[in-house]
Amino acid sequence: MSEDFLRIAHVSKRFGGVTAVDDADLAIARGEFFSLLGPSGCGKTTLLRMIAGFEYPSAGDIFVEGARITDLPPNQRPSNMVFQSYAIFPHLNVFDNIAYGLRKAKLKRAELRKRVEDALAMIKLDGFGARRADQLSGGQRQRVALARALVQRPKVLLLDEPLGALDKRLREAMQIELRQLQKSVGITFVFVTHDQEEALALSDRVAVMSGGRILQIASPRELYEAPNCREVADFIGEINFFDGVVRARDGERATLDAGAAGTMTVAAPDAAGTKLLLALRPEKISLSAAGGRVAGTVAAAAYLGERSHYNIRIAGRDAPVSVAAQNTAAQAGHKVGEAVHLDWSDDAVLILRS
Amino acid sequence: MRVKVAMGGVTARLARFYRRSEGARGLALLSPTMIIMVAALAAPLALLTLYSFWTQAGYGVDTTLTLAQYADSLGRPTYRALFYRSIEISAAVTLITVLLAYPMAYFVAFGVEKSKFIWLILLTIPFWTSYLLRIFAWKLILGYNGVINSGLMSLGLIHAPLEFLLYNPFAVVVALAHAWAPFAILPIYVSLEKIDRSLLEAASDLGDGPVRRFLRVTLPLSLPGVIGAAVLIFVPTTGDYVTPALVGGSGGVMIANVIEEQFDKVGNWPLGAALAIASMAAVGIATLLFTGAMRAAARRIH
């Protein structure tokens, strides 16, 4: 269990009759960038707040380096938090905000000044020490909140949707900075977000949550390429679902009948007659004017710059098939109403059991 | 016809001016209050100021401008002592009221989850009866044969009634502190209620226990409410007249009682006016010093 730096052991939290977190059980390694991902109300923030000590679990335990911290108040925990609202103290300037947690440590004046100034340099806000909180932009406030927590040298840094309030460009720049920062300081990050792109871009591993339960814990690639259930597949990126029935078996492989999507042969151990849920990512489907598995017509087309997004209507299926195609010099793009053919490799088909 | 058209033109132009000029609209909104303020406050105040530079001559007034009344007001030891006592009593009232109000405001802001409204209404209960009735109630409680004395005597704790309860500055402070409590609770409550709860969590997260967190975050952020409450109590209680007249006795006389005497029994209006203006100035200076000191203190907190 030496790998379990932060261990959340069968933790549940009930508010009155509502179960906010239902038997969360996971272990996070030292130095890992771990994300809790899910829609609002899925319990991810409650779980984070239990690690921070702002909520106490109704059941279960939390350990850091093997030490049980379940009942410790927030000020005695080895973690620090970056709040969604940043929670910058409005009556203090930037320097005093960052120095807030250090004043208790009885550091020498010079040592304190040095640590705060190093932190300001780390977040590229040198010389901002005397600024008041209301003189900072959203991005700067976010950095100050980050520095204020990191200067404490916590064992675990908890981040509650820290990039949610920033505009898209700034958010993307901060994502890169955050990731670099985490690698350089080597602190374990637990990051809460509802933005799946953000979670995939930043994390070593992601826990997908829904309705208080953890659905899957996996690396970003695995979550996208091998989701373990319909909910995860649906939440991470876009996806097309098909119902399929096993028609014939040949050793490890099964031939499926997927109705309007035709037949395909996939690696599946199921017996003939078994019903399966199949899923196919939009970018794994190719479009061409002629030649392919299924014929259809373009119902809607959206030009998104480097790629285009199409909804293709095919015979025998109510929901249109969503297809993403790269816009290359050769690919001119398809117009609404155009007849197209869809093709994909059998290996791209995901099989979901839930 | 032509006149009507011209009139219409004027009204239309006025209406347009009214819509476009923010100043005109502001003035229109202010004017009802302004009229009352000018007629009932500014004009009498101007008259009072004028009187303070005159001299009483028999039943009439000598209108030669002079500073004699001010020299008298500030020079005579009796009046100076009364100024000091008034400031001391109302400073004590302010301090006690704010100290007692803060926990109540804190409780409603942080301790009450739902129906805060009902709690706030309950806090205004002292206002539901007339101020005079409340003072007479205090006389019944603090009096020689009052509730406290007869209670303590029937319990056998004392043999003779305590005499320090009524007709002294103590009684004035008690009655005033009780009467002004809601004025302190409400501004403090509002400033506490406004504090973002995540700031308190951040303070805990950064290592503060409950006491340090209160001193470093809650108190400084609620200081505007505390200053507001203090000023709101200090200014009117310094000039309070009814309370010292009824429960103050001879030792609890405040400056307003002397001002009243000058206008009524003594009949020296210019001296009364000078005392009134001087007491206004004293309150103003004390308030400025106090708020300045509080703000300076707030800046020093880390």
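So you know, we letter chains A, B, ... as the sequences are listed, proteins then strands, and number each from 1. Worth saying up front: this structure is predicted, and the values here are computed from it rather than measured.
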- Indicate whether any N or O donor in one side chain lies under 3.5 Å from an N or O acceptor in the other, for B/Asp205 and A/Asn80. yes
Does [X] have more than 12 heavy atoms from other residues, nucleotides or ligands lying within 6.0 Å of its [atom1]?
X	atom1	value
B/Tyr106	OH	yes
B/Tyr131	OH	yes
A/Arg132	CZ	no
A/Lys183	NZ	yes
B/Ile118	CD1	no
A/Lys114	NZ	no
B/Met280	CE	no

So which part of [X] gets closer than 4.5 Å to some heavy atom of chain B, the side chain, the backbone, both or neither?
X	answer
A/Phe89	both
A/Leu158	neither
A/Arg77	neither

- Task: Could you look at B/Asp208 and say if it's the side chain, the backbone, both or neither that has a heavy atom under 4.5 Å from chain A?
- Result: both
- Task: Heavy atoms only: give me the nearest B/Leu199-A/Pro90 pair and the separation to one decimal.
- Result: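 Heavy atoms of B/Leu199 and A/Pro90 come nearest at CD1-CD, 3.6 Å.
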- Query: What's the shortest heavy-atom distance between B/Leu206 and A/Gln152, and which atoms?
  - Reply: O-NE2, 3.5 Å
- Under the 3.5 angstrom rule, does the side chain of B/Arg216 hit a backbone N or O of A/Tyr100 as a donor-acceptor pair?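 Checking the backbone N and O of A/Tyr100 against the side chain of B/Arg216, a donor-acceptor pair under 3.5 Å is found.
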- Between B/Glu201 and A/Met81, is a side chain to side chain contact (heavy atoms under 4.5 Å, CB included) present by the stated rule, with each step listed? CA-CA 9 Å; B/Glu201 290 185 344; A/Met81 180 131 157; 5.7 Å; no
